[in-house]
Protein chains: 4
Amino acid sequence: MDYTYAPGRNHLFVPGPVNIPEPVLRAMNRNNEDYRSPAVPALTKTLLEDVKKIFKTTTGTPFLFPTTGTGAWESALTNTLSPGDKTISFLIGQFSLLWVDQQKRLGFDVDVVESDWGEGAKLDVLAAKLAADPSHTIKAICIVHNETATGVTNNLAKVRKILGECHIQDYDYRHPALLLVDGVSSICALDFRMDEWGVDVALTGSQKALSLPTGLGIVCASPKALEAAKTAKSYRVFFDWSDYLKFYKIGTYWPYTPSIQLLYGLRAALDLLFEEGLDNVIARHARLGKATRLAVEAWGLKNCTQKEEWVSDTVTAVMVPPYIDSAEIVRRAWKRYNLSLGLGLNKVAGKVFRIGHLGNLNELQLLGCLAGVEMILKDVGYPVKLGSGVAAASAYLQNAIPLIPSRI
Amino acid sequence: MDYTYAPGRNHLFVPGPVNIPEPVLRAMNRNNEDYRSPAVPALTKTLLEDVKKIFKTTTGTPFLFPTTGTGAWESALTNTLSPGDKTISFLIGQFSLLWVDQQKRLGFDVDVVESDWGEGAKLDVLAAKLAADPSHTIKAICIVHNETATGVTNNLAKVRKILGECHIQDYDYRHPALLLVDGVSSICALDFRMDEWGVDVALTGSQKALSLPTGLGIVCASPKALEAAKTAKSYRVFFDWSDYLKFYKIGTYWPYTPSIQLLYGLRAALDLLFEEGLDNVIARHARLGKATRLAVEAWGLKNCTQKEEWVSDTVTAVMVPPYIDSAEIVRRAWKRYNLSLGLGLNKVAGKVFRIGHLGNLNELQLLGCLAGVEMILKDVGYPVKLGSGVAAASAYLQNAIPLIPSRI
Amino acid sequence: MDYTYAPGRNHLFVPGPVNIPEPVLRAMNRNNEDYRSPAVPALTKTLLEDVKKIFKTTTGTPFLFPTTGTGAWESALTNTLSPGDKTISFLIGQFSLLWVDQQKRLGFDVDVVESDWGEGAKLDVLAAKLAADPSHTIKAICIVHNETATGVTNNLAKVRKILGECHIQDYDYRHPALLLVDGVSSICALDFRMDEWGVDVALTGSQKALSLPTGLGIVCASPKALEAAKTAKSYRVFFDWSDYLKFYKIGTYWPYTPSIQLLYGLRAALDLLFEEGLDNVIARHARLGKATRLAVEAWGLKNCTQKEEWVSDTVTAVMVPPYIDSAEIVRRAWKRYNLSLGLGLNKVAGKVFRIGHLGNLNELQLLGCLAGVEMILKDVGYPVKLGSGVAAASAYLQNAIPLIPSRI
Amino acid sequence: MDYTYAPGRNHLFVPGPVNIPEPVLRAMNRNNEDYRSPAVPALTKTLLEDVKKIFKTTTGTPFLFPTTGTGAWESALTNTLSPGDKTISFLIGQFSLLWVDQQKRLGFDVDVVESDWGEGAKLDVLAAKLAADPSHTIKAICIVHNETATGVTNNLAKVRKILGECHIQDYDYRHPALLLVDGVSSICALDFRMDEWGVDVALTGSQKALSLPTGLGIVCASPKALEAAKTAKSYRVFFDWSDYLKFYKIGTYWPYTPSIQLLYGLRAALDLLFEEGLDNVIARHARLGKATRLAVEAWGLKNCTQKEEWVSDTVTAVMVPPYIDSAEIVRRAWKRYNLSLGLGLNKVAGKVFRIGHLGNLNELQLLGCLAGVEMILKDVGYPVKLGSGVAAASAYLQNAIPLIPSRI
């Protein structure tokens, strides 16, 4: 059944889906179960409680949709907005573009604030637009925390600051627009603070930093978002929060059949994250991101991300010289080195390749990948000095890597 | 992580999710992969081709949505209909009720034709309504093939006959209403003929007779349905067929990330179905259904299904005497015998318990379940003769079971 | 890779290898590890400590040989005896016969005490032989606790009584012969008390009541056996206890490479046994054994075991009438019902078939098997009343089965 | 259950047990089966036929013992020799030392030819000893093909040449001593030719280049060895070839219970080896070995192997300067980098650490390991230039790695 077998381990460095840890694979290796038995609600209860921790929220309400990130987007939008509602949406790369496209097709009046690909969201424009909206016609701000196509991380704390002082207690922000955040390639990897930053809906997908298979779209709603859901008129059933809330109340949790395997998988994934410690997980991603950028620099290549303030610790989009087709790098990685790199998408197709460095990943895995990239660069005619990127990354990592706590 | 461990195998007899065969569990026991590598499209191509066989269609177009049956419903509706469109929908139990509810909430003008629970769809009413609609205001007929809550199978060939002579070539039926069929608890288990019966959208979920985990909502659209999708105005993005069709054309197949594990699992599940032979699979379900009904009769209990013409070969809803609470039977099955039975839902709560007999299941498994039900009936005070149901089922099965082809 | 696929679950009722619980399969689903890292010794330490509990010993020393039961036998013999040593060995069926054969081929002077197959060990003969051995030329008594070929359980407490009063403190029994016990199809299923019964070497295999794959031969040696090992002159290296003891002392535990997967599997298997409670496990086997015997009686067939005092709660050998070939029953079970029964071996070939009822098994699984056996008996021309065995077994079980503790 | 969890993948670079490919893990993820059903003999037959290919023999008879390499040694010896028989055995490192120890303890008269650790077998001594044995008192030559402790590969073709012209047809060599070869860390990785080199018994373990869990000791006997077995007087039962041969003849193959999981695992492992092509597998190991040695050289460290003619393509033992304790390198690798390296054993404890590069492994995995070793060397105070080893290895590999055939 494996049409493309190659010896040794596949080096999976796309920015999702990512490597699944063995304990998670084990937890999912199981027969189906009756989800109406007492066992599944008991398990679900622990998941809903614990999943809040990865959003850093105590007031939010999480939903574990059997869907992908695209479905999670749709749930965030249709539960809080009505057709015709005005939204501001930042387009900074392929995934924010797709979300904008979804927003339009779902009937919202989207005010698209576009940046050059490689730049962050134009937050000064947001400030101006909010200032020009005293009657509060803007219902929601849609922003990706981390644009997976370009490796750009937006500053959410700044977004909140622009939206006004945050009155956590009563969830009444200066400008009442909802803040909807795509955290697909950030949550569980980058610093994310739902409550502190006043995020109203945050979402991620299981196959990203949670290191599970695809299949869970995890959406977390603030009390203000839940309130908005009561009057939002977008048609929705599968993605409707109210069905979930009804079953939460009666304690059976599921309006329709969940994936038993993913529930146990999520339990194992959360256990691993908490065992490592969420802060340590974030620090590990910071190390992996920095090491990657040091290697790119050593190779004499440019990061697609235009400024330091936006660099991403989960994915690095590497720009190649004009005489090289980045898609050839990705093809060759797979064909010769059993290495999976991310393609350049849409506007940056052929111009960048991407190294995903998120999820259950450690430093030596990354160094193996970087060594592979060096050889591929040479393969395609770029005059790289073999070992240079690994050396630069190692010089940093050799100082930065902590001892593994369970092994001290 | 198993809070409710019990020795031995769980006897899973809910009508979904069902038992996963070991070869399918094995196929899914794998790390994530880059779904943009050449391997995943190659795999997907075989799946799309082969999945048509389980719908018995050569002209339909299948979609493998990362969702559940509820999502598959939503995809069927929103791609073919516009808000305000008039539909006829048959309500004969809890699942058709939920689908009707979804149809209403998605903004359609639903003409609900209700039956007593335990009865099939009132097809004579359909005939009358169509006759009274010369201007073709009715856009779709929505019907479940098999109502999982009551164990009632509707006669789809008759529905097509009522809709008029079928002109397969040009897909122009006498009454042009689309025929949308929920085949969640029928496809791969009951005789289902999409092309022959002129079904326009048929759908199922992976955790039913395909014997996979939950997570794939499989939707198959006729050319006429695809045509309708071009003008249907319901908002949709995640469930939109057009995004899939675009990627089918360019050969990458996926508008967003699929579950790698479920794709390989589906491959294995289809391989097993074809190895057994789809007709043999259907015959096996017929045996299991009949054996169950013979046992119920031997126990002196009534089948919730009111007439022989509607009996279901995938699930049997057993009525209990008024002095017994059927929920207690289900609780006790789980607490004492590690047996998972289906609850009575909604109108039949407390009045029926359900034995699911679909998917990867054989006769001795069923007989173990029936022996368990007998003991439980005695536990709760019903004067059953122990062994009576097993005897009745065995008397039939001992004549009916064929040799296993691979072992002759 | 499955040449003999059949729908549904294989009903595995041979007396080993037995069904592996899902948590154990999960625990073993893992890559290899360096067995010299600190993790493996830490794990091994817990295993050695806990495995003593299944032997009911506090003074014994366990060894986890990467071998089968046959290897475990060889380890028991070669570590305690020297070529030419006189042993008394009870031959009561195929497995004791094989052990006797091994004893002879390893050079011991074996005094075989044979019983008719279906009878227990002739313990009165033992008493006579010991009485006639004032000079203590008999060095060891070899006995199977449970003969898997005939379903006969020997009374070990009585053996000890015959050997004389047991002075636990100084391990000086009246007759100093070592007591070597094959507990392959008893330990973890039948009541077994190594210390109380003064057993000097007890052994089992992982694929029996521990419900693991084949691959661990677990041997437990009393202090007296360890003492004997110091002077035993049989050549041995792979099976030598002294190599293990050396590595136990330095804390790395393994003289050669263990199976990482089986170690983690054993950990999971022990955890499940302790969660259920060893006494509950034994009580469950007693229920399964009695239910089986009641069914056999209801069918009008004879148990190969000649007296009630010897009946086995882990395997029942069922005698068939002379006009039936029991091998045909086993063949047909596999070919038509996906049921695996045990063949009659050697002297009882064609005359008995065996139902194994040990390991991770519950009552409804057994009833499914019994229902299958009834149909097969009819298939081969035996005039069984279908349902009769199930009825007899159920009548007993419906009173005897306790609630599942984790689900109360 | 994982006491020592660390994020990301464990980098397993001990020279066995090695990384198990996912398809093999999948194949083994299964319940037990009745090994007496027709399925297991059918599977076994294919295994015995195909396993001969990895030995490059058409005349040999293979045995799949449920044991380890140590057990395979014992089987090779006890089936061909009698106590007191004279053997010549080459001691060149820890594993040959252990084999010598076993030979002595099993009662043979072992003439040990010792080399300095890091040197190959003294074959000139062999020539002399054979020349001085006109009466053919020497019954067997015992030699490891690849000494895992020092990374030394002996030249078996030369051994055969010394033993005299090889008359394949009648298996009558000039000097009739049997040639017993430990191929534990060579077979399936290094060039090995049982028939061509006139090897009489060759053996390996499943957890080495076959990339399975520990648990199979695979022994292959030449016709001459089988002939010798008929008169060999060493006591043996578990390891006895004759029991196997008896069951081979009747077609059930197993004298005792095999591990079902390992049989299916072996099937998958062989399928992968043949898909890659045995010659390609050997070429891959040659690449990995050379790349490792180039890195060691770049680091300014010495290979334990004293001459180029003996270098091993499956394991490299790296010598550290006297002021460094190599055990600290291994400890640190595990504690900080999740990297498992091999310890220096016995005479070279503290002086070497070992990089295993055998089994299911590819080049980027190795480069990740080498990058890790560089950081560790720096950690422990050795003045390595970070990136230097990776650069040297990459420079070679970038030219040497072929395209992956299945992906062209």
Side-chain angles (χ1 to χ4, degrees), chain A residues 1-11 19 21-23 25 29 272 275-276 280-281 284 332 334-339 359-372 374-376 378-379 385-395 397-398 401-408, chain D residues 1-11 19 21-23 25 29 272 275-276 280-281 284 332 334-339 359-372 374-376 378-379 385-395 397-398 401-408:
Chain A
M1 228 187 290
D2 290 293
Y3 305 114
T4 55
Y5 176 71
R9 184 135 176 111
N10 172 250
H11 300 265
N19 293 292
E22 270 204 0
L25 282 179
N29 183 36
L272 293 181
E275 183 178 338
E276 187 178 355
N280 293 333
V281 171
R284 175 166 52 80
R332 183 158 276 262
W334 193 70
K335 278 189 176 179
R336 196 180 188 204
Y337 300 95
N338 205 358
L339 169 62
N360 196 263
L361 194 71
N362 60 32
E363 292 82 1
L364 297 204
Q365 287 176 280
L366 179 67
L367 291 172
C369 166
L370 296 177
E374 295 182 354
M375 291 193 285
I376 300 160
K378 198 147 191 211
D379 284 358
K385 195 187 152 208
L386 291 175
S388 60
V390 170
S394 296
L397 289 172
Q398 193 255 332
I401 297 174
L403 290 180
I404 297 165
S406 69
R407 299 185 181 178
I408 295 174
Chain D
M1 226 187 291
D2 290 294
Y3 306 115
T4 54
Y5 177 71
R9 184 137 177 110
N10 172 250
H11 300 265
N19 293 291
E22 271 204 358
L25 282 178
N29 183 38
L272 292 181
E275 184 179 337
E276 188 178 353
N280 293 332
V281 170
R284 175 165 54 80
R332 183 158 277 261
W334 194 70
K335 278 190 176 178
R336 194 179 190 207
Y337 300 95
N338 204 0
L339 169 64
N360 197 262
L361 193 71
N362 60 33
E363 292 82 0
L364 298 203
Q365 287 176 280
L366 178 68
L367 292 172
C369 165
L370 296 177
E374 294 182 355
M375 292 193 286
I376 300 159
K378 198 148 190 209
D379 285 358
K385 193 186 154 212
L386 291 176
S388 60
V390 171
S394 296
L397 290 172
Q398 194 254 333
I401 298 174
L403 290 179
I404 297 164
S406 69
R407 299 186 180 178
I408 294 175

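Within every chain, numbering begins at 1; the chains are lettered A, B, ... in the order of the sequence lines, protein sequences first and strands thereafter.
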- Task: Keeping the roles fixed (side chain from A:R336, backbone from D:I401), state whether a donor-acceptor pair exists under 3.5 Å.
- Result: yes

For [X], is it the side chain, the backbone, both, or neither that has a heavy atom closer than 4.5 Å to a heavy atom of chain A?
{"X": "D:L397", "value": "both"}
{"X": "D:N280", "value": "neither"}
{"X": "D:P402", "value": "backbone"}
{"X": "D:R284", "value": "side chain"}
{"X": "D:L272", "value": "both"}

- Hey, which of D:L367, D:N19, D:L386 has the most heavy atom pairs under 4.5 Å with chain A? D:L386

- Message: For chain A, which candidate among D:A395, D:S406, D:P21, D:G359 shows the most heavy-atom pairs at distances under 4.5 Å?
- Response: D:S406

Separation of [Y] [atom2] from [X] [atom1] (nearest 0.5 Å):
{"X": "A:L403", "Y": "D:K335", "atom1": "CG", "atom2": "NZ", "answer": "7.0 Å"}
{"X": "A:N360", "Y": "D:R9", "atom1": "CG", "atom2": "CZ", "answer": "10.5 Å"}
{"X": "D:E22", "Y": "A:L25", "atom1": "CD", "atom2": "CG", "answer": "7.0 Å"}
{"X": "A:Q365", "Y": "D:Y337", "atom1": "CD", "atom2": "OH", "answer": "15.5 Å"}

Can you name the nearest heavy-atom pair linking [X] to [Y], along with the distance?
{"X": "D:S394", "Y": "A:M375", "value": "O-SD, 3.8 Å"}
{"X": "D:W334", "Y": "A:R407", "value": "O-NH1, 2.9 Å"}
{"X": "D:A391", "Y": "A:G387", "value": "CB-CA, 3.9 Å"}

- Audit row: D:N338, A:L364, side chain to side chain contact (heavy atoms under 4.5 Å, CB included) steps and yes/no: CA-CA 8 Å; D:N338 204 0; A:L364 297 204; over 6 Å; no

